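Keep in mind the model is a prediction, meaning the values are calculated, not measured.
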Amino acid sequence: MTIEERRQREKEQRRTAIVDAAERVFFAKGFDQATVDEIADCAELSKGTLYLYFDGKDDLYRAIIFRALKLLTTAFEKAIARHETGIEKVWAIGTEYVNFYREHPDYFDALIHYHGQKTETFYEHDPLKVLIDVVQEGIADGTIRSGLDPLKTAIILWGQTTGLLQIAFTMCEAIRDAYRVDPEEIISYYFDLTYHNLKAG
């Protein structure tokens, strides 16, 4: 390994460590309450050194969002690779999205917060694009009913599922107490309802 390659590796390792520290601070305190000073302290760096890698809080948050989107997109791609038809792939994406919420709630909340504030799209890792493509595939292979607009259908599915997850898991006790229904049953019912609404024939 050359000196330049070693320096580049060390630079990437430090950048990763800074993002790791930013995650700990943002997830513990929230974006508005977190400060660059706290992130620098958590990373055991001076604030000046941190600014060599990131422009500030927004830039650090973008790095976290990039991680979340990469993780989610990769999970979707792996899930659909195990299925043949478009409608099966839509179901697989829905299942992975629920798993993502369960396993990475901080990333899920970060994505909701970020997209509520920004209009920027990370085209390199776009989970919605994966969903659009599989809806289109399902229409083409005859497993999803024709006449649907793939873009609009994917956006509606994304929005409905996101909202349902927020209700089911943040209000789970209230739903159980008031309506005597398990939120997990609601999610399963939603999946069945969506499947039959999309299914050709």
Side-chain angles (χ1 to χ4, degrees), residues 1-84 89-90 92-134 136-137 151 154-155 158 161-162 165-166 169:
M1 179 181 294
T2 66
I3 294 175
E4 182 59 33
E5 288 173 335
R6 184 178 296 108
R7 286 175 178 167
Q8 185 61 35
R9 184 182 66 178
E10 290 171 354
K11 184 177 180 179
E12 287 301 316
Q13 288 172 340
R14 178 164 288 181
R15 189 181 189 282
T16 297
I18 293 171
V19 178
D20 290 343
E23 281 189 4
R24 290 193 291 273
V25 175
F26 282 135
F27 293 166
K29 304 195 68 173
F31 178 80
D32 293 331
Q33 298 301 317
T35 68
V36 173
D37 287 306
E38 290 171 322
I39 295 169
D41 287 344
C42 186
E44 299 182 346
L45 298 171
S46 69
K47 188 161 69 170
T49 300
L50 186 148
Y51 275 115
L52 293 175
Y53 293 85
F54 296 94
D55 294 335
K57 278 174 61 174
D58 283 341
D59 199 22
L60 283 161
Y61 207 69
R62 285 181 75 259
I64 293 170
I65 295 304
F66 186 85
R67 276 186 176 182
L69 289 172
K70 182 178 180 180
L71 182 66
L72 184 57
T73 303
T74 300
F76 283 1
E77 290 170 344
K78 288 181 179 178
I80 65 176
R82 297 191 292 268
H83 298 276
E84 295 296 327
K89 292 178 181 181
V90 170
I93 284 175
T95 301
E96 282 303 317
Y97 197 33
V98 174
N99 291 339
F100 179 80
Y101 184 96
R102 288 186 176 122
E103 295 170 12
H104 308 283
D106 289 325
Y107 278 151
F108 182 93
D109 290 342
L111 287 170
I112 298 299
H113 178 270
Y114 187 84
H115 288 305
Q117 310 278 329
K118 309 287 185 180
T119 58
E120 180 180 10
T121 301
F122 293 77
Y123 291 104
E124 185 178 349
H125 301 293
D126 187 353
L128 182 59
K129 178 65 166 57
V130 180
L131 181 56
I132 294 168
D133 288 345
V134 299
Q136 179 71 62
E137 183 179 340
L151 173 60
I155 291 173
W158 186 269
T161 309
T162 299
L165 289 174
Q166 291 177 295
F169 289 111

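- Using bins of under 30°, 30° to 60° and over 60° for the plane-to-plane angle, the ring pair Y97/W158 lands in the parallel bin.
- For the pair D58/Y114, no side-chain contact is recorded, criterion being any heavy-atom separation below 4.5 Å from C-beta on.
- In this structure, D55 CG and R62 CZ are separated by 9.5 Å, a value rounded to the nearest 0.5 Å.
- The closest side-chain heavy-atom distance from D109 to F27 is not below 4.5 Å.
- Between H104 and Y107, the two ring planes are tilted [angle within 30° to 60°].
- Residues I112 and Q166 meet the side-chain proximity criterion, which asks for heavy atoms closer than 4.5 Å.
- Separating the CG atom in L71 from the CD atom in E103 is a distance of 8.5 Å, to the nearest 0.5 Å.
- The shortest non-hydrogen separation linking I65 to A110 is CD1-O, 3.4 Å.
- For the pair L111 and T162, the minimum side-chain heavy-atom distance is 4.5 Å or more.
- The ring pair (Phe, Tyr, Trp, His ring centres under 6.0 Å) contacts involving residues 32-59 comprise nothing, where partners must be two or more places apart or lie in separate chains.
- Counting all heavy atoms, side chain and backbone alike, D126 lies closest to T73 at N-OG1, 3.6 Å.
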### Task
Please report the C-alpha distance between V134 and F76 in whole Å, then the side-chain angles of each, then the deciding distance to 0.1 Å, and finally whether the side chain to side chain contact (heavy atoms under 4.5 Å, CB included) criterion is met.
CA-CA 10 Å; V134 299; F76 283 1; over 6 Å; no
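- Of all the heavy atoms in L131 and I93, the pair that sits closest is CA-CD1, 3.9 Å.
- Between R14 and L45, the closest side-chain pair of non-hydrogen atoms falls below 4.5 Å.
- Take E38 and apply the side-chain hydrogen bond (donor to acceptor under 3.5 Å, both in side chains) test, not counting sequence neighbours, and it matches K29, T35.
- Here D20 pairs with T16, R24, R67 under the side chain to side chain contact (heavy atoms under 4.5 Å, CB included) rule; sequence neighbours left out.
- The salt bridge (charged side-chain N to carboxylate O under 4.0 Å, His left out) contacts involving residues 3-13 comprise nothing, where partners must be two or more places apart or lie in separate chains.
- Residue L128 holds its CG atom at 6.0 Å from CD1 of I155, rounded to the nearest 0.5 Å.
- Between F26 and L60, some side-chain heavy-atom pair lies under the 4.5 Å cut-off.
- Closest of all the heavy-atom pairs between A17 and A43 is O-CB, 4.5 Å.
- Atoms CZ and CG, from R102 and L165 in turn, are 8.5 Å apart once rounded to the nearest 0.5 Å.
- Identified under the salt bridge (charged side-chain N to carboxylate O under 4.0 Å, His left out) test for residues 73-84, with sequence neighbours left out: R82-E96.
- Under a cut-off of 6.0 angstrom, the local environment of CD in Q13 is crowded, with over 12 non-hydrogen atoms contributed by other residues, nucleotides or ligands.
- Nearest approach of A34 to V25, heavy atoms of both residues: CB-CG1, 3.6 Å.
- Not a single side chain to side chain contact (heavy atoms under 4.5 Å, CB included) links L52 to another residue, sequence neighbours left out.
- A distance of 10.0 Å separates CG of D106 from CD1 of I64, quoted to the nearest 0.5 Å.
- Heavy atoms from other residues, nucleotides or ligands lying under 6.0 Å from NZ of K57 number more than 12.
- Nearest heavy atoms, I132 versus A154: CG1-CB, 3.5 Å.
- Considering OG of S46 and CG of D37, their distance stands at 10.5 Å, rounded to 0.5 Å.
- Using cut-offs of 30° and 60° on the angle between ring planes, the pair Y101 and F169 is parallel.
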